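Here's the structure, in structure tokens; my notes come after.
All values reported here derive from a predicted model rather than from experimental measurement.
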Amino acid sequence: VSALEYLDILDAEKILDRHNEIVSRASEIFESAGYHILNRFGLYFMVRKQSYGMLYMIPINATDEYFYILERNLNDSNW
């Protein structure tokens, strides 16, 4: 797929319009699971819980299922 075709797909599916929604939903999930957001760049989140730092990249096309699994995995961690 060429870059122009990719941009057409993004525009047709309105994927970039969901950016703010995805950021706020991910932030809420991290915070409710006890993670402190150290930094964020786009959809990359650098988070910390206790003394463990991690970097997460949230997909631009994240679905409800993705967020459900992320929340479950964060809450099930032993940290």
Side-chain angles (χ1 to χ4, degrees):
V1 176
S2 74
L4 292 176
E5 286 177 287
Y6 182 70
L7 290 174
D8 287 342
I9 292 169
L10 290 176
D11 186 49
E13 295 181 11
K14 305 294 182 209
I15 291 174
L16 296 177
D17 293 347
R18 294 190 55 230
H19 182 268
N20 290 335
E21 172 195 341
I22 291 169
V23 167
S24 90
R25 194 165 176 189
S27 296
E28 182 180 306
I29 288 171
F30 285 123
E31 291 169 359
S32 70
Y35 287 78
H36 176 68
I37 299 172
L38 301 172
N39 204 345
R40 183 184 68 78
F41 182 74
L43 294 175
Y44 285 88
F45 286 81
M46 183 181 295
V47 298
R48 181 183 62 197
K49 186 170 185 178
Q50 297 174 358
S51 61
Y52 298 99
M54 293 161 282
L55 181 66
Y56 285 89
M57 197 286 295
I58 308 298
I60 190 75
N61 61 345
T63 62
D64 288 339
E65 181 181 12
Y66 174 85
F67 285 112
Y68 171 77
I69 292 169
L70 175 65
E71 184 174 22
R72 194 178 78 208
N73 287 341
L74 292 173
N75 287 323
D76 289 346
S77 70
N78 293 323
W79 307 353

Quick one: pull up CE in M54 and CG in L38 and give me the separation to the nearest 0.5 Å.
9.5 Å
Please enumerate all residues that pass side chain to side chain contact (heavy atoms under 4.5 Å, CB included) together with I37, with sequence neighbours excluded.
S27, F30, E31, F45, V47
Please answer: with hydrophobic residues joined when any side-chain heavy atoms are less than 4.5 Å apart, are V23 and L16 in the same cluster?
yes
For E13, the side chain to side chain contact (heavy atoms under 4.5 Å, CB included) test, sequence neighbours excluded, returns I9, I15
Side chains of residues 58-65: which donor-acceptor pairs under 3.5 Å do they make with residues two or more places apart or in other chains?
residue : atom : partner : partner atom : Å
T63     : OG1  : E65     : N            : 3.4
T63     : OG1  : Y66     : N            : 3.2
D64     : OD1  : R25     : NH1          : 2.7
D64     : OD1  : R25     : NH2          : 3.2

Do you reckon L70 sits in the same ILVMFWY cluster as Y44, going by side-chain contacts under 4.5 Å, direct or chained?
no
Just jot down the side chain to side chain contact (heavy atoms under 4.5 Å, CB included) partners of N75, sequence neighbours excluded, or say none.
A33, E71
Mind checking what makes salt bridge (Lys or Arg N to Asp or Glu O under 4.0 Å) contact with R72, not counting sequence neighbours?
none
Linking I/L/V/M/F/W/Y whenever their side-chain heavy atoms sit closer than 4.5 Å, directly or via other members, would L43 and Y6 fall into one cluster?
yes
Are M46 and F41 linked, directly or through other ILVMFWY residues, by side chains that come within less than 4.5 angstrom of each other?
no
Side-chain donor/acceptor of R40 to backbone N/O of G42, under 3.5 Å
yes
Holding to side-chain hydrogen bond (donor to acceptor under 3.5 Å, both in side chains), I want the full list of residues that pass it with S2, two or more places apart in sequence or in another chain.
E5
Find out whether F67 and I22 are in side-chain contact, i.e. whether some heavy atom of one side chain is under 4.5 Å from a heavy atom of the other.
yes
